[in-house]
Amino acid sequence: MAWLPQRHPTGQPSHFSHGGPVAVTHDVPPQLDELVTTAHRIRTAIESVIEGKGDAVRIMLTVLLAEGHLLIEDVPGVGKTMLAKALARSIDCPVRRVQFTPDLLPSDITGVSAYNQQTREFEFKPGPVFANIVVGDEINRASPKTQSALLECMEEQQVTVDGETYQLDTPFMVIATQNPIEMEGTYPLPEAQRDRFTARIAMGYPEPHAELEMLDVHGQTSPLDKLEPVATTAEVRALIEAVRGVYVSQAVKKYAIDLVVATRHSPDLRLGASPRSTLQLVRAARAHAALAGRDYVIPDDLQDLAIPVLAHRLLPSVEAQGQRRLPEQVVTDLIRRVPVPEARAS
């Protein structure tokens, strides 16, 4: 097929097929089976706490393995923070939680240099971003100035304080929750901040049977108290490294670009997706393929992720707002219209 990696009889990728040169990335990751097994353990642990939200859990794991960040947006009380905490507790790694409030300062997130009277020198006191997983609760209740404190660490995996730059560990993932902007005491996230998030998901209300099960399970104690880590930091690093080696053909890369470019020319949008979104869409597609047990990306991976990866970056036009057309609907229409690369034999 056009998007399959070309290999010699020995199993190693080849740079040529019968039709000419073929773009090849890394060798097929040998840890793929291990990745699927470990990811299944993490998913099972999370779903023991969150009932009936399999799609949300899948997207969250995809973003983790794609080295991205996740925005969970919904009304209060539907389990946004619980979902983030469940992932954090499923992995044996440093986790910090930040409650965003209107009086929160940027230094409360990144850290501050404090004067030590004994040594008579300034010492850096690391903030909560110095962890593998940072849970930002109700991020849009803080001021835009405080929200912007996350920009550098989310994009460059580093923090600069008082002219000194400090590197953050791998993996590093920000899971932020926010309430709809129509609610009391919220600030809309700036476009630059939203663009740093690889994907956005909504929890939605649970199905009646899942809510009934929640009453039985959560009625006396929180299942988070019983949740034990099922993966180590080293295992997650190995999974991320395996995802980096998933093959993406030139045809699939071109399809990703076509989807993103279509948002920039849509009359329903006044702001299309950025080049950063193209990169993150392909990264997420690699993780999505790996979780499905494949060492190559197909167009279906991009289609499955287009709405969570692209929709939150788009701004509808005045006409689309008047017609109440959401960015998610626009992306769905573009998926139908943009030609899919043919699955031709190589």
Side-chain angles (χ1 to χ4, degrees), residues 46 49-50 53 55-64 66 68-88 95-106 108-110 127-129 131 133-155 172-206 224 271 273-274 276-277 280 284 305-316 321 324 326-329 331:
I46 297 172
V49 176
I50 302 292
K53 298 299 176 184
D55 289 342
V57 175
R58 176 179 57 84
I59 295 295
M60 186 166 61
L61 285 177
T62 299
V63 172
L64 171 66
H69 310 285
L70 182 67
L71 181 63
I72 310 174
E73 178 180 328
D74 219 317
V75 297
V78 294
K80 301 186 300 294
T81 306
M82 183 76 75
L83 177 65
K85 285 183 175 180
L87 173 65
V95 178
R96 298 292 297 274
R97 178 180 178 272
V98 182
Q99 179 64 54
F100 281 75
T101 56
D103 60 347
L104 191 72
L105 299 175
D108 296 329
I109 299 174
T110 59
V129 294
I133 297 180
V134 179
V135 180
D137 205 6
E138 296 185 309
I139 187 174
N140 61 336
R141 292 197 180 277
S143 66
K145 180 179 180 181
T146 301
Q147 294 172 7
S148 65
L150 290 170
L151 291 177
E152 181 184 13
C153 62
M154 292 175 68
E155 178 66 18
F172 175 72
M173 181 181 185
V174 174
I175 307 175
T177 70
Q178 73 168 2
N179 299 323
I181 59 174
E182 297 84 4
M183 292 199 160
E184 188 82 21
T186 60
Y187 300 84
L189 284 181
E191 288 81 359
Q193 182 75 32
R194 292 202 308 269
D195 200 42
R196 295 306 202 276
F197 286 99
T198 301
R200 180 190 63 181
I201 60 174
M203 296 292 292
Y205 291 111
L224 276 175
L271 178 66
S274 66
R276 180 189 287 118
S277 66
Q280 294 187 348
L305 295 168
I307 290 178
V309 172
L310 299 180
H312 65 286
R313 309 168 192 268
L314 310 177
L315 292 181
Q321 287 178 320
R324 297 188 176 182
L326 299 175
E328 290 82 355
Q329 295 171 304
V331 174

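From a predicted model like this one, the values you see are computed outputs, not experimental measurements.
A distance-only check finds no donor-acceptor pair linking the side chain of Lys80 to the backbone of Asp137 [under 3.5 Å]. Without hydrogens or angle criteria, Asp74 side chain to Ala202 main chain gives no donor-acceptor distance under 3.5 Å. The closest donor-acceptor contact from the side chain of Glu328 to the backbone of Ile307 lies at 3.5 Å or more, if one exists at all. Without hydrogens or angle criteria, Arg196 side chain to Glu152 main chain gives no donor-acceptor distance under 3.5 Å. A side-chain donor-acceptor contact under 3.5 Å links Arg313 to the backbone of Asp195.
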Worked verdict on Gln193 versus Ile139 for side chain to side chain contact (heavy atoms under 4.5 Å, CB included):
CA-CA 11 Å; Gln193 182 75 32; Ile139 187 174; 4.2 Å; yes
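Considering NE2 of His312 and CG of Leu189, their distance stands at 9.5 Å, rounded to 0.5 Å. Taken to the nearest 0.5 Å, the OG1 atom of Thr146 stands 6.0 Å off from the CD1 atom of Ile109. The CD1 atom of Ile175 sits 11.0 Å away from atom CG of Leu71, with the distance rounded to the nearest 0.5 Å. Here the straight-line distance linking atom CZ of Phe197 with atom CD of Gln178 works out to 7.5 Å at 0.5 Å rounding. From Leu64, atom CG reaches atom CG of Leu87 across 6.0 Å, with rounding to the nearest 0.5 Å. Atoms CG and CD, from Leu305 and Gln280 in turn, are 12.0 Å apart once rounded to the nearest 0.5 Å.
The minimum heavy-atom distance between Gly79 and Ile50, with the atom names listed, is O-CD1, 4.2 Å. Heavy atoms only, all atoms of each residue included: Val49 and Ala86 are closest at CB-CB, 4.2 Å. The nearest pair of heavy atoms linking Ala142 to Phe100 is CB-CD2, 3.5 Å. For Gly204 against Val78, the heavy-atom pair with the smallest separation is O-CB, 3.9 Å. Closest heavy-atom contact between Ala149 and Thr110: O-CG2, 3.8 Å. Of all heavy-atom pairs spanning Val174 and His69, the tightest one is N-ND1, 2.9 Å.
Taking the side-chain contact (heavy atoms from CB on, under 4.5 Å) definition, one finds that Ala88 meets it with Val95, Ile133, sequence neighbours left out. Residues satisfying the side-chain contact (heavy atoms from CB on, under 4.5 Å) criterion with Lys85, sequence neighbours excluded, are Thr81, Arg97, Leu224.
Side chains of Asn179 and Glu138: a donor on one and an acceptor on the other come within 3.5 Å.
In this structure the side chain of Pro327 reaches within 4.5 angstrom of the side chain of Pro316, judged on heavy atoms. A 4.5 Å side-chain heavy-atom check between Lys53 and Leu83 finds every atom pair outside the cut-off. Using a 4.5 Å heavy-atom threshold, the side chains of Val129 and Arg96 count as separate.
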